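All heavy atoms count here, side chains included; hydrogens, waters and symmetry mates do not. In this text, all values refer to a predicted model and were calculated from it rather than measured experimentally. Residue numbering restarts at 1 for every chain, and letters A, B, ... go by the order of the sequence lines.
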2 protein chains.
Amino acid sequence: MSSTPEIKQVETHQFGPYKIRTSEVFLSTPLSLAMVNLKPVVPGHVLIIPRRVALRFQDLSHEEVADIWTLAQRVGSVIEPHFGAVSLTFAIQDGAAAGQTVPHVHIHCLPRKMGDFENNDEVYDKIDEHAEQMKERLDLDKERVVRTPDEMAAEAAELRVLFT
Amino acid sequence: MSSTPEIKQVETHQFGPYKIRTSEVFLSTPLSLAMVNLKPVVPGHVLIIPRRVALRFQDLSHEEVADIWTLAQRVGSVIEPHFGAVSLTFAIQDGAAAGQTVPHVHIHCLPRKMGDFENNDEVYDKIDEHAEQMKERLDLDKERVVRTPDEMAAEAAELRVLFT
C-alpha cells in the first residue's frame with residue numbers, strides 16, 4: 001500500500017515503546033523473554049517480560065502468568081550461583097504508583113549477596129534510578145550511553161550458554 | 001504411640017515456623033493461600049504463599065509457581081480497586097540476603113496509591129520492618145501484640161466476600 005522503501009532493520013523485540021535487540025535476549029519461550037539490562041543495579045540484574053506488550057500484570061493470560069514466572073524461576077536458579085550470589089530479589093512494579101516507568105510488565109530479577117547494599121532496600125532505589133535511565137532511550141542522542149549494544153550482547157551471550 | 005492427651009487446636013496453616021489461623025486466610029486453592037498480614041505496610045497489604053512449606057522460589061514445582069502467581073494476580077486485581085489504589089507492588093525476598101526473614105516463600109502484594117510514600121521505595125523498608133516483627137511470633141509473650149486475631153479475622157472476612 002505504501003511506497004516507502006523497505007528499510008532493513010536489526011531484529012528486535014518490543015519492550016513497551018523501546019526496541020530490544022535479539023542480541024540482548026539470552027533465554028526465551030514462545031510467550032516470554034529474558035534479557036539483560038541497560039544498566040544493571042547489581043551484577044546479573046536481568047528482566048523477564050511477556051513477548052506481548054501488556055501494561056499490567058492483570059492483563060496477562062493464565063498461560064502468560066505461568067510462563068513468565070516459570071522462566072523467571074529458571075533464570076534465577078541459574079544466575080544466582082553464576083554471579084556468586086546467595087539470594088534473589090524478584091519484583092514487579094505494577095503501575096505508575098508502584099514505580100513502573102516502562103509500560104510493559106517486567107519482572108526484575110536480581111542476584112543478591114549478603115551486605116551488597118548497606119541497607120537492603122537501597123536495591124529498590126537503584127531499580128528506580130534505572131527506570132529513569134530507560135526513558136533516555138527515546139532520546140536518540142542519549143540512546144545507549146549507559147552500556148553499549150556490544151557490551152549488552154556480550155553479557156547476553158555469556159548468560160545464553162548457561163542455559164544450553 | 002504416645003500417651004500425651006490430645007489437645008483440641010484451632011485449625012491452622014503453616015507459614016515457615018509460624019501458625020496462621022484459617023480465619024486469617026481469605027482465598028485459597030489446593031496449592032496456595034492468600035492471607036492478611038500481622039502488620040500491613042499499606043491498607044490491603046497481603047501475602048500469598050504456597051501451602052507447602054518451601055524455603056526458596058526455586059523449590060516450587062511448576063504447578064505451584066503457576067498456581068501461586070495466578071492467585072496473586074487474582075488477589076491483586078480485586079484488592080487494588082477495593083482499597084482505592086491504582087497500582088500494585090509484587091515482591092519476593094527470596095533468601096536471607098534479599099531480606100527474607102520467614103523461611104517460607106511468600107509474595108508480598110501491596111495496593112499502591114500515588115504519593116503513598118514520599119520516596120516510592122520506602123515501601124520496601126516497611127516490608128522489612130514487618131518481617132522483623134514476624135520474628136516476635138516465636139516469643140509467646142509478644143505474640144500478636146501488633147494486631148489481634150480478631151482484627152485480622154475481621155479483615156480476612158471483609159476480603160473473603162470480595163471473591164465470592
Self-check item: Contacting moiety of Leu60(A), where chain B heavy atoms sit under 4.5 Å
Solution: both

Practice problem: Fit a plane to each ring of Trp69(A) and Phe57(B), take the angle between them on a 0 to 90° scale, and name the class: parallel (under 30°), tilted (30 to 60°) or perpendicular (over 60°). | Solution: perpendicular

Practice problem: Please identify each residue that fulfils ring-ring contact (aromatic ring centres under 6.0 Å, His included) with His104(B), with sequence neighbours left out. | Solution: Phe15(B)

Exercise. Identify the residues of residues 153-164 of chain A whose heavy atoms come closer than 4.5 Å to a heavy atom of chain B, ordered by number, or report 'none'.
Key: none

Exercise. Return yes if some donor-acceptor pair links the side-chain N/O of Gln73(A) with the main-chain N/O of His62(B) below 3.5 Å, else return no.
Key: no

Quiz item: Would you call Leu71(A) and Leu27(A) a side-chain contact if the rule is heavy atoms closer than 4.5 Å?
Solution: yes

Self-check item: Closest heavy-atom pair and its distance - Asp67(B), Ser32(B)
Solution: OD2-OG, 2.6 Å

Quiz item: Does the Arg51(A) side chain pair with the main chain of Thr29(A), one donor and one acceptor, at a distance under 3.5 Å?
Solution: yes

Self-check item: Qualifying salt bridge (Lys or Arg N to Asp or Glu O under 4.0 Å) pairs, either residue in residues 81-106 of chain A, two or more places apart
Solution: Arg56(A)-Asp94(A)

Self-check item: Arg52(A) versus Ser61(A), closest heavy-atom pair with distance
Solution: NH2-N, 4.2 Å

Quiz item: What are the two closest non-hydrogen atoms of Val36(B) and Val46(B), and how far apart are they?
Solution: CA-CG1, 4.4 Å

Quiz prompt | His108(A) backbone acceptor or donor facing Gln93(A) side chain under 3.5 Å | solution = no

Quiz prompt | Options Gly95(A), Gly76(A), Pro111(A), ranked by heavy-atom pairs under 4.5 Å with chain B, top entry | solution = Gly95(A)

Quiz item: Could you name the residues of residues 77-88 of chain A that have a heavy atom within less than 4.5 Å of a heavy atom in chain B?
Solution: Ser77(A), Glu80(A), Val86(A), Ser87(A), Leu88(A)

